[in-house]
Amino acid sequence: MKKVEAIIKPFKLEDVKEALHEVGFEGMTVTEVKGFGRQKGHTEIYRGSEYTVDFLPKVKIEVVVATERVEAALNAIVKAAKTGKIGDGKVFVSPVESAVRIRTSEKDEAAI
Amino acid sequence: MKKVEAIIKPFKLEDVKEALHEVGFEGMTVTEVKGFGRQKGHTEIYRGSEYTVDFLPKVKIEVVVATERVEAALNAIVKAAKTGKIGDGKVFVSPVESAVRIRTSEKDEAAI
Amino acid sequence: MKKVEAIIKPFKLEDVKEALHEVGFEGMTVTEVKGFGRQKGHTEIYRGSEYTVDFLPKVKIEVVVATERVEAALNAIVKAAKTGKIGDGKVFVSPVESAVRIRTSEKDEAAI
Amino acid sequence: MSMKKFVLLLSALALSFAPPMALAQETTPAETPATETAAPAEETPAADAAAPAEAEKPTAEAPAPAEAAAPAAEAAPAALDSGHNAWQMTSTALVLFMTLPGLALFYGGLVRRKNVLSVMAQCLGCACMITPLWWLCGYSLSFSGGNAFIGDMGNALLKGIDVNKTGAGSALISDGIWVIFQLTFAIITPALIVGAIAERMKFSSVMLFILVWMFAVYFPFAHMVWGGTGFMCGPLNKLASIKAIDFAGGTVVHMTSGWSALVLCLILGKRIGFGREQMTPHSMVLCMVGTGMLWVGWYGFNAGSALAADGIAVTAFVTTTLAAATAGLVWALAEWVLRGKPSVLGFCSGIVAGLVVITPAAGFVGFTSSIIMGVFAGAVCFAACAYLKKALGYDDALDTFGVHGVGGTMGAILTGVFADPKVNPLLGEGGMNLMPGLVMEQIKAVGLTIVWSVVATAIIAYAIKFTLGLRPTQEVEQSGLDLAEHGEGGYEH
Amino acid sequence: MSMKKFVLLLSALALSFAPPMALAQETTPAETPATETAAPAEETPAADAAAPAEAEKPTAEAPAPAEAAAPAAEAAPAALDSGHNAWQMTSTALVLFMTLPGLALFYGGLVRRKNVLSVMAQCLGCACMITPLWWLCGYSLSFSGGNAFIGDMGNALLKGIDVNKTGAGSALISDGIWVIFQLTFAIITPALIVGAIAERMKFSSVMLFILVWMFAVYFPFAHMVWGGTGFMCGPLNKLASIKAIDFAGGTVVHMTSGWSALVLCLILGKRIGFGREQMTPHSMVLCMVGTGMLWVGWYGFNAGSALAADGIAVTAFVTTTLAAATAGLVWALAEWVLRGKPSVLGFCSGIVAGLVVITPAAGFVGFTSSIIMGVFAGAVCFAACAYLKKALGYDDALDTFGVHGVGGTMGAILTGVFADPKVNPLLGEGGMNLMPGLVMEQIKAVGLTIVWSVVATAIIAYAIKFTLGLRPTQEVEQSGLDLAEHGEGGYEH
Amino acid sequence: MSMKKFVLLLSALALSFAPPMALAQETTPAETPATETAAPAEETPAADAAAPAEAEKPTAEAPAPAEAAAPAAEAAPAALDSGHNAWQMTSTALVLFMTLPGLALFYGGLVRRKNVLSVMAQCLGCACMITPLWWLCGYSLSFSGGNAFIGDMGNALLKGIDVNKTGAGSALISDGIWVIFQLTFAIITPALIVGAIAERMKFSSVMLFILVWMFAVYFPFAHMVWGGTGFMCGPLNKLASIKAIDFAGGTVVHMTSGWSALVLCLILGKRIGFGREQMTPHSMVLCMVGTGMLWVGWYGFNAGSALAADGIAVTAFVTTTLAAATAGLVWALAEWVLRGKPSVLGFCSGIVAGLVVITPAAGFVGFTSSIIMGVFAGAVCFAACAYLKKALGYDDALDTFGVHGVGGTMGAILTGVFADPKVNPLLGEGGMNLMPGLVMEQIKAVGLTIVWSVVATAIIAYAIKFTLGLRPTQEVEQSGLDLAEHGEGGYEH
Ligand SMILES: Nc1ncnc2c1ncn2[C@@H]1O[C@H](COP(=O)(O)OP(=O)(O)O)[C@@H](O)[C@H]1O
Ligand SMILES: Nc1ncnc2c1ncn2[C@@H]1O[C@H](COP(=O)(O)OP(=O)(O)O)[C@@H](O)[C@H]1O
Ligand SMILES: Nc1ncnc2c1ncn2[C@@H]1O[C@H](COP(=O)(O)OP(=O)(O)O)[C@@H](O)[C@H]1O
């Protein structure tokens, strides 16, 4: 199994979720994160004090998938999340050795 | 070392924490996340506009453990987090190659 | 590629970010988390009811780096985040198998 | 585009009310001047007429026209009464409180987190822009002499307003506080429109729209309804073409803003993602806090419109309370029965609906009537927001039309139905004798208000659309107006 | 079950106060009718008695009984005074402000995030339900004629309430505003109970409980304490069995709600996870904001209870300020000394405790007495919340009992101790001569209030428990009442 | 240390104003006693002088000195007027509302999340500590007899304050409400200082500083400016050395707090991370809500300072409104032009600046003057916050100096420029004849206020610094004052 972890623009969450659903991924976990990268943050001015807010709000989606389905997940995410503008984000794939469904104690592929 | 990562129902956090303590795990990191899966979200109606909130608040617990103690952590979590109802969540295990304790620069097993 | 994942004290975020920048890491993702460990939480008293808040606010920084640059990232983080007091946190290193930049579909090292 | 069609349809519908108005307008030129030039002592409207019925205060609800009050003042100089004046100052503070922070919270809580400050900035912008405007010419255009439709520049720069004189508003309160009391109404009215167009209109365009709209709609309506020479000011103007009544602003405030809001939100178009994305209120807590403040502040609005701390003020106080609570209860019960759960937003919406509906009636109807009006308010506005909006599909973001447009219209008509000369003698034969045909007059007033508001708003909105533009870029809208337009976030990140 | 035992114990304790009451009750049937039927002119209570002492306002704190005021009004028709009436309207708005949004914020901030709307819905529900009820029969049962314990239906549907008449409340304010002023008290009282049972009671059961409780407890107490024929209305009823005094609601408001809250929370049981889970306030910021609003609104409550903008009102204004601040200081200092840190919740709790304790005394005691009462308020209520609750182990979620029950009881008794005829001549020989034995009368009133509240609440609570049920399912409680019961969340997710 | 130098520079600058003051002080010993001992009837200041001009209320803005009012009262006992008294109670409640929760929200929203409660605790602490202090001796030292600089202990424990008497403040309101009205000013003044030193001062040191500061600065200034024997009380004291005017507290409230805030924040030093870390407001929403409350409450502050619900009060009401809105507009426009975006904080800051600047002038200037003063307020305070602070580099966390120090100083001087005897006859020849040389008197008053505030604050601050210490440990400051100092967090974690 692999964990496919995508960092995307928040307003693309809905699209990515639907794209994943369409290729059969029902389960996923989403976290609100702050991203630093090439995309610039904005400047806020409060009564003359300037602050550069250098992070940008991003959303992290984690989907654990069977190894053979990594490609499908990856493609669905990339396609749905792309705007072509800087800051679209990344997808990382990393190994997962086992999985358990707490409710049933099912293991691995059966658990996800 | 392995990372044991559990996604559970928020109100089970206290129980899981205690269960982990009992089997000797003191350190862990907790994140508030949103979960999508088989468990259905709820519907909110605001003056006639219906919204299906399809995610559910979940809590993610991460514990990095020595490889031989994975089973102990896993069992403790599964036992404490189970309600038997849909949405109880998952536990994933993945490899961790090294660890450092920032304060002392201790490494690996000594660091966790 | 590796993921370098650090759990640090929130007020050290700025320092760690700068340290990483200095050694050439521009991209990273930051999450607010709660940490449990040896460091004690505090006690709050509300009209006679005592509550021990046993977690502490921490910040998790994730940087995906080329394998050969792990050491550089690790050192930068440890140096910047250290206060020498309990609760400084940990750094974990784990494998990442592939990466994609959503905007350009660049892969792996080129993507990070 | 269905939106365009809808606007056309609406304008058509609106214009169908126009003929009788047009007729009425034709007849006025002849009559109106007479009021101004002659206005012989024995015709002095409300001031004398109401006097026997209610000795302590000549006007029961609205300003004695300046020209009428002046001679009266000479004969028996009306003294500033400390109690009435105290109540008027309190009321004025309460009405400002309705906008800042009441409405800002009510609306601010209902938008998404990324737009909360934009709504607040628009409320602040209304207060800060309209106040100097009011000083410059707004008050004068609304309340100084003029013809049946608009005042003149006689009080520009508040020239001639003397704090130690009375009569501009009523014979017992300072003319100065009357000016500011009316200002607070002029502030909240355009601020109400903000609810319909929330989350998707450029700040510059909002402010420009409001600036023009004040001249095109608000000042004329304040004059027509509450000015001594006003076209539809039944209580003060014996020569009014439409002898309608409006205690505290059913037409002037709620209908003008509600109908303008509908048209503007149609021309503006829907929010990106409307119907597809979650657009739930980001903080029902703020919304509830704003509701409480609106209710409390509304006592200044309604009971303050008596322009005295007298029995009529108390009537308004009681009816306002009864209608608000009843409508809140009815809305929540409707939700409970039809949707399974009574919500905080339901209570809040009902309360505001009740307050809107009772506004034109507050000092004219009896206690039990106000309960009945509250029931209507809760039920009809609930239906408008829950079903009508869905059926027609416009994006009235925070239901300004559903509550203020529908509620204001219904309230104006029901005021005609429930008005009672025993409650307010000004309505009766001893007063201005307004009862015969009152419902029809109210309907005429409603019609004129709809036509005028719809047409004026459409013109202004299209003019801005094709010049400055109405909407921000898609990216700005999606990332939120707060950061893009104001350089701030509502909450620390 | 220890809870059951505790309730029994409490009822037993409560009933131990009963005998003297029972006696008192027995004697009244003979006397009370006399008040109603005969009530000869020279016996007309407060109205005349107080007149010489304070010429401008006959009643110093409470309603002149309708029947007494009527004939007086014929002789010398009391005119609506604009200043007094203005203050009464302001006060009424302020007391509503205490509930919406004051109390809603104070309580809402103290619960967990998942239950913030449920508390607000209960406050809104009180306002929206009790208002039409007040119109229907509540006012009438509280203040219209009747016997020593309850009014009659003479003013049902507010029949007979004339805004241009005075005398129902005092001789100088409109009867209409008196009705609504009293309504705002009837709204906040049950809303206070919400604090004790927060986070674990079904909305339907809360509303049903309150509905019945109004008839069983509130209307009788409003009548007994402030009605001209009331059983323990010392200032107005020469024939009162208990000649107690209660300026603004120590017994009627704080004791009834506080003791009922204790019993209800005992019968209801503890929150799931009580003592084990973190149940820290989700927003001390909201709580602090609510506290500020409560303090400001309380001026309407206390100084408004003078029913005039006179010297007594000013006395109440001053004592309210002094007691609130002093109690806030004392509570925070107690925390500082005993716990190491002065907390915002400590300041807020102390302020509210001070306001509660001074409520029955506000217009009866001197300045320095109010400082002393503030010290008691801060110290004793702090101890009740910090130690007593822990020792007894009940789950009074937001300390309604610790603050309103304990504070109200202490305040009622201290009022007897510190009442001063030089401050309020009504108490003295020129007035109703209430000073002799006043402390004992206050203790009797306290006893009757406790017994009545405890018994009535126990009966209603058990009745609902065994029919509709009191608590939601465990799952609902754990996931929070907001979503489950109202279909909304307090904040965007 | 550049900070030290700055303080020295400031003190030097301050002392450069001193010589004329010193002179003035020398001359007073001879004159002041005369006021107290002799004060012959025909010299009785304001009370009589203003009488013909404004029959209904002797004093136009400030207290009739107790000794002057007393004999007058005997001759023709001034009765408590219900309307004026009602307005004074309302105003008092409004001014308390400014601090709790107005200022607490305004400041609380501007700090970082981890310090929100510390700011609120300091506001609560002011209210709870100063109230009993006021009862103990504060009121007396401010307003009871005494010499030109400070009162005496004649009214300690509020001895001699009779709610049924008038004259302490004005001839028509109860002495009791005058005491509490003034208390609310004494509460908010030190609370304003909190803004400058936010996020980095120990709670114990804050409270101790304020306690001493009240004696060293506030009580003397209240006495000097508003006391009948006061050193610079032009309107009441014919023998005043500086014949300055200050309607509602430009010097007493805003300048003392603003200049003290500057000095204290210099001595205290910058926040850790200042200029390096993000220190953005944690909730502009709270800040905006606080602004609305401040604006509304300020009507009590300014119009309440008329001490009557009369024409002067209405003047103050109007000018307050016009200045606030205009300044808000100007500040936001300045941002729009110079920074690209109008911000909510810009509107809010401008509104507060406008309110500050109009405060000393509110009842003395005409409508159009108030618009001009609003323009100055918005432009100059914007420049002070946006450029001056940056240039000098001090860490005035929430811009207390930039708004209250700069705005208060400018307002005091502009009051001299725009004061108009046609607006307030007290200024004219029929009154106290204060117009000749008024600007120079205002500048003297400004100078004395700066010198006194700067010197007194420097002494107290250094004294505390070297004993109790001013700042918490670095760890406490970094983790936030809320948890460390109050054991609570502002929001659930
Ligand atoms: N090396 C990295 N490790 C972890 N997260 C990264 C890394 N580089 C970028 N990110 C995340 O991806 C987001 C987008 O990256 P950015 O460089 O701004 O644009 P782009 O994805 O278009 O190259 C960042 O905001 C950050 O959250
Ligand atoms: N494939 C997955 N990858 C990551 N997280 C998942 C995945 N499937 C489920 N989850 C997480 O587990 C939670 C519970 O899953 P769900 O399907 O609702 O119930 P159950 O765990 O009982 O099967 C989800 O809310 C989501 O957070
Ligand atoms: N085994 C672990 N797995 C994951 N996170 C851990 C683990 N142990 C500690 N942490 C994280 O590191 C933080 C610091 O650990 P702690 O034991 O308090 O101090 P120190 O890092 O100085 O040893 C914790 O708050 C927690 O977030």
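Owing to the predicted nature of the structure, the values given are computational and were not obtained by experimental measurement. Order of the sequence lines fixes the chain letters, A, B, ..., with proteins taken first and strands second; residue numbering starts at 1 for each chain.
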Colleague: Evaluate side chain to side chain contact (heavy atoms under 4.5 Å, CB included) for A:F92 paired with C:K3, printing each intermediate quantity in order.
Modeller: CA-CA 9 Å; A:F92 302 121; C:K3 179 197 277 188; 5.6 Å; no
Colleague: Side chain from CB out, backbone as N, CA, C, O: work out which of these in C:V96 comes under 4.5 Å of a heavy atom of chain A, or both, or neither.
Modeller: both
Colleague: Search all heavy atoms of A:G87 against all heavy atoms of C:R103 and return the closest pair with its distance.
Modeller: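 Shortest heavy-atom contact: N-NE, 4.2 Å.
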Colleague: May I ask you to name which of A:K58, A:Q39, A:E5, A:K79 has the most heavy-atom pairs under 4.5 Å with chain C?
Modeller: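 Highest number of pairs under 4.5 Å: A:E5.
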Colleague: Whether A:D54 and C:K17 form a salt bridge (side-chain N of Lys/Arg under 4.0 Å from carboxylate O of Asp/Glu) is what I want to check.
Modeller: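 Salt bridge between C:K17 and A:D54, a charged N being under 4.0 Å from a carboxylate O: yes.
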Colleague: Sort out for me which of A:V33, A:I8, A:V91 touches chain C most, counting heavy-atom pairs under 4.5 Å.
Modeller: A:V91
Colleague: Which region of C:E62, side chain (C-beta onward) or backbone (N, CA, C, O), has a non-hydrogen atom less than 4.5 Å from a non-hydrogen atom of chain A, or is it both or neither?
Modeller: side chain
Colleague: Measure A:L56 against the heavy atoms of chain C and call it side chain, backbone, both or neither at under 4.5 Å.
Modeller: neither
Colleague: Are the side chain of A:K90 and the backbone N or O of C:A99 linked by a donor-acceptor pair below 3.5 Å?
Modeller: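 Looks like no, no N/O pair under 3.5 Å.
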Colleague: Which is it for A:K2 and C:E97 under the side chain to side chain contact (heavy atoms under 4.5 Å, CB included) test, yes or no, and what are the steps along the way?
Modeller: CA-CA 9 Å; A:K2 303 292 171 194; C:E97 297 180 353; 2.8 Å; yes
Colleague: Please examine the side chains of A:E32 and C:E32, heavy atoms only from C-beta on, and report whether any two atoms are closer than 4.5 Å.
Modeller: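 C:E32 does not reach A:E32 side chain to side chain.
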Colleague: Compare all side-chain heavy atoms of A:F36 with those of C:T29 and state whether any distance is below 4.5 angstrom.
Modeller: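 Of all side-chain heavy-atom pairs linking C:T29 with A:F36, none is under 4.5 Å.
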Colleague: Just to verify, which of A:V93, A:V4, A:L74 counts as forming a side-chain contact (heavy atoms from CB on, under 4.5 Å) with C:V100?
Modeller: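 By the side-chain contact (heavy atoms from CB on, under 4.5 Å) criterion, C:V100 pairs with just one of A:V93, A:V4, A:L74: A:L74.
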Colleague: Does the pair C:E26/A:R38 count as a salt bridge with the N-to-O cut at 4.0 Å?
Modeller: no
Colleague: Do C:P95 and A:P95 have side-chain heavy atoms sitting under 4.5 Å apart?
Modeller: yes
